[in-house]
Protein chains: 2
Amino acid sequence: MSSTQGAHAATQGARARARIEVTAAIKEEARRQLAAQGASKLSLRAVARELGMASSALYRYFPSRDDLLTALIIDAYDSLGEAAETAHTQVAGAAPAERWIAVCAAVRDWALAHPHEYALIYGSPVPGYSAPDTTVPAASRVWRLLIGIVRDAHRGNGVAQWKLSAEVTPEAERMAADLAPDLPPPVVAVLVAAFAQLFGLVNFEVFGQFHRVVEDRQAFFRHAAARLAHHVGLVFPQPTGTGDGAIKPGS
Amino acid sequence: MSSTQGAHAATQGARARARIEVTAAIKEEARRQLAAQGASKLSLRAVARELGMASSALYRYFPSRDDLLTALIIDAYDSLGEAAETAHTQVAGAAPAERWIAVCAAVRDWALAHPHEYALIYGSPVPGYSAPDTTVPAASRVWRLLIGIVRDAHRGNGVAQWKLSAEVTPEAERMAADLAPDLPPPVVAVLVAAFAQLFGLVNFEVFGQFHRVVEDRQAFFRHAAARLAHHVGLVFPQPTGTGDGAIKPGS
DNA sequence: ACAAAATCGAGAGCAGTGATCTTGCTTTGG
DNA sequence: CCAAAGCAAGATCACTGCTCTCGATTTTGT
């Protein structure tokens, strides 16, 4: 039928190829409805209607509505991860603190551009259950990115001075062993917290909690992200001065 | 019918009294279903069924399902605010930093005890739109609490040393004028960010994002809340030492 | 190459949902 | 005491997720 019956379509029968095409079309339309009306109004029947097929036919591709949603969740994680990675590679040469901020800003930008998909992955889980383990690899891309930045800083000299009188708790050691065995446990603990706090900032902005509170949200976020970077120990290359960040809490 | 028909029920006719009783019963049953299955599975018909009334009768009390939800949202904000305030008064005499941590812990505890109600107010907005302005007063109770703590610290001597080379941005001045004119703008800016970051931590924990990452979440949260307190400038009364917090980033 | 097996699309149908409308009944208030 | 307003119930509409069956097509085994 279509003109795509070229020479390189030999991988498995034409039926398998049609299957992934239809699957992609379903996800595409679903994503459109998701972006338009949100996850709660995503309707299998409406997707089928828009695609000109019977609603029952959809169940050949996704066993249930929740399965469609988890597929969209994985895609959203990947989309966010890719956006973050792209932003990161574009500032690959910069200091770790700059890279940290760039990645944070990329996360924020993506979230603001795709609020409903963001809500799908970092808002409240839609029906009430948590996503299956298949989402884990896609979800950890941003994790890896930020951990890598701190690791680079730790190896190189962009590193923080962490004169840590901070106790090495057993929990911090556990997390460090799991996530980044080459980093000092207190740094890992702070990093994990910073990760959650980053998404707290994005959450408040995307979900309108900053309405009538913060106006220049771009600048506000940048400052907060910079403080977060400073918090995990990343220092900014200072043109003049002590080499410390702009904000210096404590005595 | 009930035994509550005492002498002080003279306020308005018995019909008005029945109305608020039925309204309360509806909200109670709705809250039960909400806690049991989450907001997406909250069904008007099921509530009516459980209450032994026709589904259409419910619309005399709540014009739509969303109106019921917003009523629950306001209640949830109030419940959280009350829990936080109770926790705060119980440590009224303590140092600001201790009180800060107590309030943060109360927020976390409440969220873990009422995950679905928490998701209603700090997760992604259920249908896709943000709650109307009627929720604002109830929502700001925790805000006021934390601002008050920092204000107390600023007035008293539990205060932070904020040797702020931090620039006073116009946005920070705006927020300070709106939220706490008596506080230095940079403190207000950091406070607002800390607020969002606090709920980022709670979000990750309630929504399972810390699964297989953080195990001893109680201790982890306490440390993070302490760092947040330190971040907004609150210092801990140190038995011995410099008077600084346990964690000292920067040079 | 041909039959058997797996896959697919469509339709009908079930149980459930939010919301509206009409019809009587009860309480209220002049 | 009787009209007016508030209330509950039933029927109904348009919609949802999901299951099942039944032909038609494709793939696969021999």
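Predicted model only: the values in this text are computed from it and were never measured. Protein chains get the first letters and strands the later ones, always in sequence-line order, with residue 1 at the start of each.
The residue among B:Ala46 and A:Val22 whose nearest nucleotide of DNA chain C lies closer to the 5′ end is A:Val22.
At whole-Å resolution of the value, CG in B:Asp67 and P in C:dG18 are 13 Å apart. Atoms CD (A:Glu21) and C1' (C:dT7) sit 17 Å apart, rounded to a whole Å. Rounded to whole angstrom, the span from the CG atom of B:Leu69 across to the P atom of C:dA19 amounts to 10 Å. Atom-to-atom, CG of B:Leu68 to P of C:dG18 comes out at 10 Å; the value is rounded to the nearest Å. At whole-Å resolution of the value, CZ in B:Phe62 and P in C:dA19 are 13 Å apart. As rounded to whole Å, 9 Å separates atom C1' of C:dA19 from atom CG of B:Leu44. The separation between A:Leu58 atom CG and C:dG11 atom P is 14 Å, rounded to whole Å. Note: CG (B:Asp66) to P (C:dT17) measures 16 Å, nearest angstrom.
Phosphate contact (OP1/OP2 of C:dG18, side-chain N/O of B:Arg65, threshold under 4.0 Å): present. Within the structure, a side-chain polar atom (N or O) of A:Arg19 is placed less than 4.0 Å from OP1 or OP2 of C:dC8. For the OP1/OP2 pair of D:dA8 and a distance below 4.0 Å, the side-chain nitrogens and oxygens of B:Tyr61 include at least one atom meeting the criterion. Here B:Arg49 reaches the OP1 or OP2 of C:dT17: one of its side-chain N or O atoms lies under 4.0 Å away. Between D:dG17 and A:Ser43, a contact under 4.0 Å exists linking OP1 or OP2 to a side-chain N or O.
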Original post:
Can you check side chain to side chain contact (heavy atoms under 4.5 Å, CB included) on A:Phe204 and A:Val213, steps first, answer last?
Top reply: CA-CA 11 Å; A:Phe204 263 47; A:Val213 177; over 6 Å; no
**OP:** Would you sort out whether B:Arg174 and B:Glu171 count as a salt bridge (Lys or Arg N to Asp or Glu O under 4.0 Å), showing the intermediate values?
**Re:** CA-CA 5 Å; B:Arg174 246 211 64 267; B:Glu171 176 64 18; 3.0 Å; yes
**OP:** Let me see the working for B:Val190 and A:His223 under side chain to side chain contact (heavy atoms under 4.5 Å, CB included), right down to the final yes or no.
**Re:** CA-CA 9 Å; B:Val190 172; A:His223 276 92; over 6 Å; no
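A donor and an acceptor atom never sit less than 3.5 Å apart when one is taken from the side chain of B:Ser56 and the other from the base of D:dA8. Contact annotation: side chain of B:Arg45 to base of C:dG18, donor-acceptor pair present below 3.5 Å.
Among the heavy atoms of the strands lying under 4.0 Å from A:Leu42 are primed sugar atoms or P, OP1, OP2 only; no base atom is included. Residue A:Arg60 is classed as a base contact, given a heavy-atom separation below 4.0 Å to a base.
Ring pair B:Phe220/B:Phe210 is perpendicular by interplanar angle, where above 60° counts as perpendicular and below 30° as parallel.
Checking C:dA10, D:dG17, C:dT27 against every side-chain atom of A:Tyr59, the shortest atom distance belongs to D:dG17.
Looking at A:Arg31 and A:Glu117, no side-chain N of the basic residue comes within less than 4.0 Å of a carboxylate O on the acidic one, giving no salt bridge.
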